[in-house]
Each structure stands twice: as structure tokens, then as C-alpha cells.
Protein chains: 2
Amino acid sequence: MATIKDIAQEAGVSLATVSRVINNGPKVGDATRKRVKQIMLEMGYRPNANARALVTQRSASFGIVLPELSDPFFATMAHGIESVTRKIDVQILMSTGSIEKATELKAIETLLEHRCNAMVVHSKALDDATLINFAKTIPGFVLINRYIEEIGNRCVWLDNIAGGQTMARHMLNQGHTKFVIVSSKYQIDDPVDRIAGIKQELAENGITLSPDMIEYSTPDQEGGEIAMQNFLAKGTEFTAVLAYNDAMASGAMTMLQDHNIDVPNEVSVIGYDDVLLAKYCRPKLTTLRYPIEMMAVKATELALQYAAGTVPEADCTFKYAPTIVKRESVGKAIS
Amino acid sequence: MATIKDIAQEAGVSLATVSRVINNGPKVGDATRKRVKQIMLEMGYRPNANARALVTQRSASFGIVLPELSDPFFATMAHGIESVTRKIDVQILMSTGSIEKATELKAIETLLEHRCNAMVVHSKALDDATLINFAKTIPGFVLINRYIEEIGNRCVWLDNIAGGQTMARHMLNQGHTKFVIVSSKYQIDDPVDRIAGIKQELAENGITLSPDMIEYSTPDQEGGEIAMQNFLAKGTEFTAVLAYNDAMASGAMTMLQDHNIDVPNEVSVIGYDDVLLAKYCRPKLTTLRYPIEMMAVKATELALQYAAGTVPEADCTFKYAPTIVKRESVGKAIS
DNA sequence: TTGTAGGCGTTATCAC
DNA sequence: GTGATAACGCCTACAA
């Protein structure tokens, strides 16, 4: 592959001149510039990103670490990130850390080896201290979907407590009083916070939730089915189910329907996330919109800013609140 | 950030020795090795991937170019790729080229600038010649979802003609005779081939499809709705609809249901791809399984092999055929 | 406006 | 076993 040297030789100029042409440097004669460009084209010259990153001390790639791509939620997140990096001609270097401490750590370190100075990371397993430490040494380090007070200005996150409250309130407004929660068995912050929010809102309305009104399962369609099956088997009485996410909500609905329980006429179901399937399942799912794409965009811009040394206003915060999307799975409580 | 030089100084050895330790080189004293490792740990040393790539002449990252991530189909593809690169500690460098010639080209070139020597690319807009040329200069260049004869051993693709035949045959077997196709308005190979396959199969059964039995629209839920709306508006008679993909099928079903036409009792619908939503929509979608994840894995392994110089058997081919997944959206034709 | 030279962090080829 | 030292391809003062 042709190098800058080859071009220089062919054009009869020095390396420096070619370099200037490549980088649209200021002081190059018009004729020279044109000729060099021509030759670069002919020889199919392609700058070596590695060499450039080495000397420049900064990579042209933007790091992202997320659990996995097959989940539409994360795919959407990646899409948000990509939508901004694309505009500024920056490549995405992707690392996956499947919600495991070791993998997440490794994911970040790999990005570091590539000298990414801007990255948005989704980490649930790593402890605060580790993350804080990274934030202090990596200029453009930004966390998404997590809040750590000490580095609050580098966190783009969703208020899950508010989310839980909103879900509960919506059901309350429809007259529901018998609640059941279909939650995730992975006890990261998210499910914990959401349940806290729900309980809080219910408590304010004089309702307490006994532990057996919560079933924990894998946060997917199947998990939702199983959780609902358990409630049904236990003979639990309820008219409102609050799910950890849309997939679980969908699974719960399926199971309900299999038992000839009508949604939303007999039982109401609400999801969380508002991913694609919420629109596709029948009845269409009423859910909370997790503005993940918007948040991803914000996080990316933030990371880029920090990396560029542009520090945002002092202790600004990037907290988002989920909003309700009313579709068809929630109805008035049967009186 | 600490460099190999810092380590050497601190440990009182030469650069060469440190380098050997890092790469588990052969001739290093046990004591020295241990001491150096200790110091690397203490100083938080991290090899510089760029420097390494520069001198080594090969990148530790695997390139992938795809249209976009928000589409679950491509997210699944990316997931397949990631599942193999993860095992061998290789990072993914992602480029998006939104089915446009210029963008696709740029996506590949960027990867090249990073000196990726293995990549799997999904390109629909670039012409054969360009792709063939890349295949000849890039060791580990592999195409996915596209077949070009000249570089057939670097193509991992799905037989869409067979797919079309399979769809049609399945409907035929249920006794259907009145067909309608909901296709994509983007005239890349895929829809064209599928329609060809369908027509072929129908022809063998004495059925010809007039052009107005095909509606073209955007290949998503909304496009499916619009296409179906058009058929309904035209008063077209049919009992079987063959969709370009699951999203369109789902849209068509929704529109049918909105008009109180029962699926599958009055009209049968079949999709293509078998993405997540096929399981979520109601009735559950009968569709063709596009083994994209498996194919992505294959493509990745292939790219890695080629990049390593291991040439697979001479003119091997990597053609996949979609298989039918029977769910609930197809029924016997009403007699 | 153009050229020279030093260095970015590694690996690899020699010597010792 | 270990240590110099020359690349790798590029950028960037500093000279000319």
C-alpha cells in the first residue's frame, strides 16, 4: 500500500509537502497541491490511521462498550451513537462486556489500548470506584444508563424511580388496586429502582405490596411468560401487571391470553422501554418510553466535548425521565 | 500513559526485554520476567494498539460494514460477528454505509485506513467490479448477503430465489391460488430474486401473476400497511399475501385486521426473515427463517481464515437456503 | 512555499 | 538471556 513517501517521490516533493496536502495544511502552492492530489489518487493512497494515531496521540475512533447487540434496546443505543459519529467521520470501535465485571473491565481496557479518548460505556457490573477512576484518567469518558454522584457530569441516565412511579400512577388512575410486578432476576440498579418507585407511589395511595406480588425472572419474553405462569399457579389476584420491560410484558400477555384472560378488559399490562415490539404485539403495549436513542446521542456529544477539552457547564446533570406511551394494553379496572 | 520505555527504565532492563515479556517471547529469565510483569502492573501499562499495528502491519481489529444498527436484522448479524471476534480478542471496527454507493465505499475505505485485514461487508449499492477489486487487494475480504460469481468463495449468501419458491409452495400446499405480493420499493437484488422465485413456482403450477398483484413500498411496518391498503382500495382479490419481510407482513396483517379480515381464516400471510417480531405479533407470523446469525458467524470465520492465509478448499461455496417456520398466520385456502 | 529531521510506541534483527 | 538499533507511516517544529 502506497505511503506518503511513495507519493512524495513520485511527485518530486518532500514528505512534509505531501503531509500538508493531505491535512489541508496552509502553506502549499496551488499547483503543487493539485499535482500531489492527482498522484495520490492514481496511486490509491490511503492514510494509515494507525501511524496517524500514534504520532497524533489520539485515535480517530470512538469507543463504545455495551452488553450485546442482539438486544434491540442496545442496538438502538448503538444507532444513536453512530448517528453522531458518522457526521464527523469517526469510526466506532466496539467492545462487548456482557454485564460481567471481568468482561466489562476488559472491554474498557481494550478501548484504552487503542487510545480512544472518547467513549461511552454502559457498565452495570463494575463498581463505582473503578469507573470513577477511569473517568479521571480518560478525557472523554461518559457513562450511559448509570449515575454515580462523584462523576455526575459524565453520566447520562434515566430516572428509574420516577419511571416506577409513573407506571404505578397510570394504573392507579385507571382505578387499579391489585398490583403485581414482573421483574428481572438480575439485581442491577434498574429493577431495584423501578420497584422502589412503584412501591413509593403505591404507598402514597395506601397500598402496600407484599413480596409474593413480585416474580423475578429473565428479562425477556420467556421470563415474562414464566413469571405470569407463577402468578397464575399461585392463584394470585390482580388486575394490573407492571413489567420490567416490554419483552417481559409481552410474555406476560401471551400467558394471560393462553389462559383466556382478556387484556386489557380483565387485566391491564404495562411495559417499559418502548422498543419495537411494543408496537407489534397485540394488543399494542402501553409502556414507558425510554429515550435511549436521544440519550445515546447526548452521551456521545458529551464524550466528544470532554475529549476536546470543552468542559460543559460546571455541575450540569443529564437525567432523563421516561414518559408514558398509551396504547391498548391498559384499561379501566373492573369494578 | 506509561510506555514500554518507562517500564524498561523502571525495571532496569532494555526495551527488547520488556517487549519479549509482553509478547511471551521465548528467551527471558524467569526472575526478569516476573519483575517486569510486576512493574507493568504497578505502572498500569497498556500496550499501544496503534504502535503495534503500525510496526506489525496488521490491525487487531475486525472490520464490519452494514447499513445500520437499528434494524434488528443487522443487529443480529453484528451479534453473530461479535460472537466469534470476542473469543479471539479482536475488536470490532464498525462502519455504516446506508445502502448508498458513496457511503458504502467510504465505509470500506475507512476500514482500510485502519488497515483491517479482515472484514465482512454488507454492500448492496456498490457494483460488482468495485467489490471484486477490493476482494483482490484485501486478504480477508468477505461479502455477506451478496453473491458475485468471480469471488464466489468470498460470498456468504442466501438463495432468495429458493426462498421465493418456498414461500409460494407453502401457500400452494394450503390450496391458495390467489396471490398478492407486498414487496420492497428498493430494487436491490433481494426483492427481485424473491419475486422471481415466487413467479417461477407459481408458473409451474399454472398461475401467472399480473403486475398489479404486486405493491412496492418501504420495507417496514408502515410500508406493509400502505401496500395492503392499496390492494384493498383497488379491490384486489386474494387469499394469500407474500411479504418481503416480517415487518411488512406485520403491517399488512394489521391493515387486514383493521378491515375486519381475519388472518389466517380469510387471508393467509407469510413473512421473511424470522426476526423477533414474528414471534411477538398476533397471530404469530409464519415466515421464512433467514439464518443471518449463522451466516454472519460463517462469514467472520471465513474472513479470519483468508486473512491468516489459510485458503479454504478451492471453489467452495457458502450458499444458504431459508427454511419455513410455521406459526399461525397461514391457513388453508377458503374453498 | 518547501524541505529536514526528530519522534510517536512497538516489534524484530542483529550482535554480545 | 539480554541489549542496541532500525524500521513502521506519519506529523510538526524549525530551517531554508
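Just so we're on the same page: letters track the sequence lines, and every chain starts at 1.
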Rounded off to whole Å, could you give me the CG-to-P distance for the A/L54 and C/dT11 pair? 12 Å

Can you tell me which nucleotide in D/dT2, D/dC10, D/dC8 comes closest to the side chain of B/V28? D/dT2

What's the angle between the local helix axes at either end of the helix from C/dT1-D/dA16 to C/dC16-D/dG1, using five pairs per end and rounding to 10 degrees? 40°

D/dC10, C/dG9, D/dT2: which one has an atom nearest the side-chain heavy atoms of B/A51? C/dG9

Whether the side chain of A/R115 and the base of C/dG9 hold a donor-acceptor pair under 3.5 Å is what I'd like checked. no

How long is the line joining CD1 of A/I4 and P of C/dT4, in whole Å? 14 Å

Side-chain N or O of B/S14 less than 4.0 angstrom from OP1 or OP2 on D/dG3? yes

I want to verify a distance call: between C/dG9, D/dC10, C/dG3, whose nearest atom is closest to the A/T17 side chain? C/dG3

Below 4.0 angstrom from OP1 or OP2 of C/dG9, is there any side-chain N or O of B/R52? no

Can you tell me how far C1' of D/dC11 sits from CD1 of A/I7, to the nearest Å? 16 Å

One pair to check against side-chain contact (heavy atoms from CB on, under 4.5 Å): B/Q91 and B/T85. What are the steps and the verdict? CA-CA 7 Å; B/Q91 256 15 62; B/T85 56; over 6 Å; no

How long is the line joining CD of A/Q9 and P of D/dG9, in whole Å? 13 Å

Within the side chain of B/T110, is there an N or O that forms a donor-acceptor pair under 3.5 Å with the backbone of B/K106? yes

To the nearest angstrom, the CZ-P distance between B/R20 and C/dT11 comes to 12 Å

Check the phosphate of D/dT2 against B/T32, side-chain N and O only, distance under 4.0 Å to OP1 or OP2. Yes or no? yes

Can you tell me if B/Q57 touches the phosphate of D/dG9, counting only side-chain N or O atoms and a distance under 4.0 Å to OP1 or OP2? yes

Answer yes or no: does a side-chain N or O of A/T56 lie under 4.0 Å from OP1 or OP2 of D/dC11? no

Please state how far atom NZ in A/K5 lies from atom P in C/dA5, giving the value in whole angstrom units. 13 Å

Which residue in the set B/V156, B/I144, B/L158 passes side chain to side chain contact (heavy atoms under 4.5 Å, CB included) when paired with B/F318? B/V156

Considering every strand and a 4.0 Å limit on heavy-atom distances, what is the contact class for A/S19: base, sugar-phosphate, or nothing? base

A/D6 CG to D/dC8 P: how many Å, rounded? 10 Å

Under a 3.5 Å threshold, yes or no: a donor from one side chain and an acceptor from the other, between B/Y290 and B/N145? yes

For atom CG of A/L15 and atom C1' of D/dC14, their distance in whole Å: 16 Å

With a non-hydrogen cut-off below 4.0 angstrom, is B/R46 in contact with a base, only sugar-phosphate, or nothing? sugar-phosphate

Lys/Arg N to Asp/Glu carboxylate O, A/R35 vs A/D30, below 4.0 Å: no

Would you say B/N23's side chain and B/S19's backbone share a donor-acceptor pair under 3.5 angstrom? yes

For the side chain of B/S98 and the backbone of B/E100, is there at least one donor-acceptor N/O pair under 3.5 Å apart? no

Which part of the nucleic acid, if any, lies within reach of A/N23 when heavy atoms closer than 4.0 Å are counted: base, sugar-phosphate only, or nothing? sugar-phosphate

Charged N to carboxylate O under 4.0 angstrom, A/D190 versus A/R146? no

